[in-house]
Amino acid sequence: MTNGTSQDYRFVWKVTQNLIGASGDDASLVWEKHSYTLASDNGGVIWRMNYVDLGLNLENLINDAITNQKYEYAAIGYAIKAWAYQITTDMYGPIILDEAFKPGLLKFPYQDQPDVYAKVRYYGEQAIKYSNMKSPVSYASQLSSTTGDNIYKGDMAKWRKFVYAVYALQYSHLVNKPEFKTQYADSVTKYTNLSFANEAESATVFFSATSTDDSNPLGPSFGYINTSGASSTYYGRISTTILNYLAGGMRDTADVNPTSSVDPRLSRMLPASTATATLGQYIAGTPTQGGSTSGLPIVYGSVPAGSTTYNGKYIFADAARYPLMTYSQLQFAKAEALFLQGKTGEAYTAYLAGIRGHMAFYNTYGRASKTPDPAITDAEINAYLASTEVAQNAASLTLADIMGQKYIAQWGWAGIEQWCDLRKHHYNATTFRQYYQIPKADLLLGGKYAYRFRPRYNSEYIWNADELRKWGGLDVDYMTKKTWFSQP
């Protein structure tokens, strides 16, 4: 789950402007310009994660668990399956569904998102059913071990909350549907309320960091962001989008190259420059500008004196837990749904809970560096909440307030969900105040923003091209075709 998403998030983040490159190479800039690398599996690892890495392993897990009455394993297997298919369809749109593991097939048919969304809910129902059944033999010791359940240690109540989180986020994607205000928004609120009670219950994956193999893939040791050679400048640099949100641009004009901010998360989430000319300043690069961003610090911060390796920073540390879904993320989804229903009072309550939740997220999960930054204090939180960067009452709350705070809370980990937010609101500059609006001439696929990634090159474009052709997958601009969830 972490290996598959983290590899592709390097490219998704270029589209969402979470992190950019410090290179003028076409291989780096092509993604920032909402296009793709030809004949490459870049952007296709989540496809592999779902059909190969999880794939039959997950099918065997579930089948064995049901046959042998190991109901906790069946519940976890179905919960992961629901999450994986949701992630996969939101990445690619139409995907292989009912016949993914049918023996003897060499070509596989796709089904569109309405079918996949429904099947995700079915997998979730199965997970909840089995989570409420008691196995005749206790597997508690196995599930709580280091080779067992590295998310919830076999706690079935929390796995149910995991499923409800998948439901809440799924319904939150459907803001353009005519049923949203009367039906789907209520489902967002319902399932958010059934899900995580606080950040301690958020779905995160544990790593011991005792070896490279058991390190957070977003940490410096694993090397996905700081790969060797020229590509080390392709990923992991700070964009103006996140810096501006943290440096006074949530509701006002952002400070340029600041050294501090009323938002206490700036110094905890982003590294300051160590270059002589900009020492101690927080600097960022403009997406798509490439070479002009040279010298930007990487998200890990600086290499300590006398060392050759980064200590890591925020959630980009070897021992950091890897977030999959979080309490604060769901609170902002709930705030958005309530706001769109006109329930601004309830939306404001969820909005404040989301801000406080993300501060707690940092204190809970963002301090795993070898040299951690200090915890955010109550005084800092209260000062920020009282500042002009935060709506002071329900009457002044805007959708941009909610989505801007959600952008910060999801920055650096929630690649697909962040992209879902941008796509469902069609990259709107009013809703996302700091998203850099790319000039049409710089958007490589006919001046249009991306709405889907192309499926994995080697499995689909080489072996399954006839099916792709049915969906327009061989068109040069397939990446810009809007996915079902983002349409009316």
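Just so it is clear, the values below take in all heavy atoms, side chains as well, and ignore hydrogens, waters and symmetry mates.
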For [X], enumerate each residue passing the side-chain hydrogen bond (donor to acceptor under 3.5 Å, both in side chains) test, keeping only those at least two apart in sequence or located in another chain.
| X | result |
| --- | --- |
| K343 | none |
| Y407 | N18 |
| T89 | Q113 |
| K190 | none |

Under a 4.5 Å cut-off applied to non-hydrogen side-chain atoms, are [X] and [Y] in contact?
| X | Y | answer |
| --- | --- | --- |
| F361 | I315 | yes |
| T240 | Q434 | no |
| T241 | W411 | no |
| Q405 | M250 | yes |
| T483 | R452 | yes |
| S260 | Y282 | no |
| I408 | M269 | yes |
| N42 | W31 | yes |

### Message
Test of understanding: with salt bridge (Lys or Arg N to Asp or Glu O under 4.0 Å), list the residues that count as partners of E380, not counting sequence neighbours.
### Response
R268
### Query
Mind checking what makes salt bridge (Lys or Arg N to Asp or Glu O under 4.0 Å) contact with R265, not counting sequence neighbours?
D263
For [X], give me all partners under side-chain contact (heavy atoms from CB on, under 4.5 Å), at least two apart in sequence or on another chain.
| X | answer |
| --- | --- |
| D252 | E389 |
| P178 | none |
| P271 | I238, P297, K313 |
| P114 | D112, W484 |

Would you check if the side chain of [X] reaches a backbone N or O of [Y] as a donor-acceptor pair within less than 3.5 Å?
| X | Y | value |
| --- | --- | --- |
| R433 | T431 | no |
| T286 | Q289 | no |
| H173 | L169 | yes |
| T192 | V188 | yes |
| E72 | S131 | no |
| S6 | T2 | yes |
| S369 | G312 | yes |

## Note on the structure
One should read off an interatomic distance between Y348 OH and D401 CG, to the nearest 0.5 angstrom, of 9.5 Å
### Task
Find the distance between CE (M91) and CG (N50) and round it off to the nearest 0.5 Å.
12.0 Å
#### Entry: Sequence neighbours excluded - ring-ring contact (aromatic ring centres under 6.0 Å, His included) pairs with any residue from residues 387-406
none
Do you know which two heavy atoms are closest between [X] and [Y], and how far apart they sit?
| X | Y | answer |
| --- | --- | --- |
| Q329 | M325 | OE1-CA, 3.4 Å |
| Y351 | A391 | OH-N, 3.0 Å |
| S261 | L266 | CB-CD2, 3.5 Å |

Carboxylate-amine/guanidinium proximity below 4.0 Å for [X] and [Y]:
| X | Y | result |
| --- | --- | --- |
| K119 | D98 | yes |
| K481 | D475 | yes |
| K334 | E346 | no |
| R356 | E199 | no |

### Task
Hey, can you tell me if Y152 and F162 have their rings parallel, tilted or perpendicular (30° and 60° cut-offs)?
perpendicular
### Task
Mind telling me whether F316 and Y300 have parallel, tilted or perpendicular rings, with 30° and 60° as the class edges?
perpendicular
Report yes if the distance between the aromatic ring centroids of [X] and [Y] is under 6.0 Å, otherwise no.
| X | Y | value |
| --- | --- | --- |
| F207 | Y322 | no |
| Y191 | Y167 | yes |
| Y235 | Y224 | no |
| F453 | W419 | yes |

### Query
Going by atom types alone, do Q86 and Q170 pair a side-chain donor with an acceptor below 3.5 Å?
yes
Over 12 foreign heavy atoms within 6.0 Å of [atom1], [X]:
| X | atom1 | value |
| --- | --- | --- |
| F101 | CZ | yes |
| N393 | CG | yes |
| K181 | NZ | no |

### Summary
Test ring-ring contact (aromatic ring centres under 6.0 Å, His included), reference H34, set Y427, Y451, F11, output is Y427
### Query
Do any pairs count as a salt bridge (charged side-chain N to carboxylate O under 4.0 Å, His left out) and have a residue in residues 160-171, sequence neighbours left out, and if so which ones?
K161-E201
#### Entry: Cationic tip of R454 above Y36 ring, under 6.0 Å, 45° of axis
yes
